[in-house]
Amino acid sequence: MAVVQQALALICTLVLAVGLVAGLPLWVWWLYPRLTGKKWAASAESLALTLDPYRPEHRMGMLTSSPSCLQPMRGRRGDFAVECGVRRISPSSTSNNYITQVRVTLPRSLDLGLHVRPVGLLGRAWTAVSGELDVQLADPELDRAYDISGDYDDRVQALLTTAPVADAMRAAAKGSFRPHFSDTAVWFERSGKQLSAQALSGALSEALDLGQRLLDARSQVNV
């Protein structure tokens, strides 16, 4: 009798172990994408933004369906069109192979051929490869933090050294989202899937603030 009980206990233990081993990949493959999709949809509702219609490229796994965190959410804040999205940057499903972006489209162009990006791990590799000359602002903090290019160096310098714009650029450089902007848009990026409404709202507010400051400064700078 004792031998039978031990055998049954061993069988139960083996079944439980196999269930755990098989269940974890199933959870990652099937349940986790659904949970992230629901959180993304809840954040969209909280931010009063609308998810794009679900399409095959938004699928997170073989069995997943809408909502998906790969569906961009869009809307407006006054004159600005806004968008939050997660994009996959490699076939792997690990968090570090995704980027979350918050984007604000300006209602009018700055018309400077402007492109500002944070200095990456390779320093000024972008400007070296592209042949562009990095515009210097004579502000050590900003010059260390950003790669800056434009068609009109004097106008770019005048725009970006106005106190409101320079202050916003300094603050953005210290945040968890990495700031970029051009003639037509301001966008902040962060590694991984950032799904919470609080994180997205903070980045969105910062991008909107920088966008408005750029527009205001551009209307005042006549170089």
Side-chain angles (χ1 to χ4, degrees), residues 33 35-52 58 60 67-90 93-110 114-121 126 139 141-142 144-149 159-160 162-218:
L35 294 177
T36 59
K38 288 180 178 180
K39 185 172 183 178
W40 183 251
S43 292
E45 183 177 1
S46 177
L47 295 170
L49 300 176
T50 303
L51 291 179
D52 278 5
H58 299 146
M60 292 287 293
S68 163
C69 69
L70 297 184
Q71 289 174 258
M73 58 177 82
R74 304 178 197 271
R76 298 197 67 84
R77 295 291 188 271
D79 293 333
F80 298 89
V82 301
E83 174 187 346
C84 301
V86 175
R87 72 178 187 272
R88 187 186 287 116
I89 57 176
S90 87
S93 62
T94 61
S95 180
N96 289 337
N97 290 291
Y98 292 86
I99 286 179
T100 303
Q101 183 184 96
V102 171
R103 185 180 186 89
V104 171
T105 301
L106 306 183
R108 60 184 181 276
S109 175
L110 301 176
L114 182 67
H115 200 132
V116 179
R117 62 190 70 81
V119 173
L121 295 176
W126 171 265
D139 183 314
E141 185 177 358
L142 294 180
R144 283 193 303 269
Y146 294 96
D147 276 328
I148 303 168
S149 61
L159 176 72
L160 302 186
T162 60
V165 172
D167 289 346
M169 290 174 65
R170 289 190 189 93
K174 298 172 183 176
S176 57
F177 280 79
R178 293 173 62 78
H180 305 247
F181 55 96
S182 68
D183 276 344
T184 58
V186 176
W187 63 100
F188 287 14
E189 296 184 347
R190 182 174 173 180
S191 177
K193 296 189 286 287
Q194 308 300 325
L195 307 177
S196 78
Q198 182 177 4
L200 295 170
S201 178
L204 186 58
S205 295
E206 200 169 357
L208 285 164
D209 178 63
L210 177 54
Q212 188 62 61
R213 292 184 189 217
L214 287 167
L215 290 172
D216 293 342
R218 184 68 182 97

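By the 4.5 Å heavy-atom criterion applied to side chains, L208 and V186 are not counted as neighbours. With a 4.5 Å cut-off on side-chain heavy atoms, Q101 and P72 do not count as touching. With a 4.5 Å cut-off on side-chain heavy atoms, E206 and F177 do not count as touching.
T36 contributes no side-chain N or O that, together with a main-chain N or O of C69, makes up a donor-acceptor pair within less than 3.5 Å. One N or O on the side chain of T100 and one on the backbone of G192 form a donor-acceptor pair closer than 3.5 Å. In this structure a side-chain-to-backbone donor-acceptor pair under 3.5 Å is present from T162 to L159. Between the side chain of R178 and the backbone N or O of V119, at least one donor-acceptor pair lies under 3.5 Å. Looking at D183, its side chain does come within 3.5 Å of a backbone N or O of L114 through a donor-acceptor pair. Listed for the S205 side chain is a donor-acceptor partner under 3.5 Å among the backbone atoms of S201.
T50 meets the side chain to side chain donor-acceptor pair (under 3.5 Å) test with no other residue; sequence neighbours excluded. With sequence neighbours excluded, the residues satisfying salt bridge (Lys or Arg N to Asp or Glu O under 4.0 Å) with D209 are R213.
For the pair A197 and S46, the tightest heavy-atom approach, listed with the atom from each and the gap, is CB-OG, 3.8 Å. Of all the heavy atoms in A217 and V165, the pair that sits closest is CB-CG2, 3.8 Å. Heavy-atom minimum distance, Q194 versus W40: O-CZ3, 3.7 Å. Closest of all the heavy-atom pairs between M169 and V116 is CE-CG1, 4.3 Å. Residues L70 and R88 share a closest heavy-atom pair of CD1-NH2, 3.5 Å. When all heavy atoms of I89 and Y98 are compared, the pair lying nearest together is CG1-N, 4.0 Å.
Between the CD atom of E83 and the CG atom of L204 there is a distance of 11.0 Å, given to the nearest 0.5 Å. To the nearest 0.5 Å, atoms CG (L215) and CG (L110) are separated by 6.0 Å. Annotation: the span from L200 atom CG to C84 atom SG amounts to 5.0 Å, rounded to 0.5 Å. From L160, atom CG reaches atom CG of D139 across 10.5 Å, with rounding to the nearest 0.5 Å. Between atom NE2 of residue H180 and atom CG of residue D147 there is a gap of 10.5 Å, rounded to the nearest 0.5 Å. Here the CG-OG distance, from L106 to S182, works out to 7.0 Å after rounding to the nearest 0.5 Å.
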- request: Report the C-alpha separation of L49 and R77 in whole Å, then their side-chain angles, then the decisive distance to 0.1 Å, and conclude whether the side-chain contact (heavy atoms from CB on, under 4.5 Å) test is met.
  value: CA-CA 10 Å; L49 300 176; R77 295 291 188 271; 3.6 Å; yes
- prompt: Where do F80 and T105 land on the side-chain contact (heavy atoms from CB on, under 4.5 Å) test, with the steps shown first?
  reply: CA-CA 6 Å; F80 298 89; T105 301; over 6 Å; no
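Ring geometry for H115 against W187 counts as perpendicular: the plane angle is over 60°, on a 0 to 90° scale with 30° as the lower cut.
A salt bridge is defined here as a Lys NZ or Arg NE, NH1 or NH2 lying under 4.0 Å from an Asp or Glu carboxylate O, and R117 with E189 fails to meet this definition.
Enclosure of atom CD in Q198 is not indicated, since only 12 or fewer non-hydrogen atoms of other residues, nucleotides or ligands lie within 6.0 angstrom.
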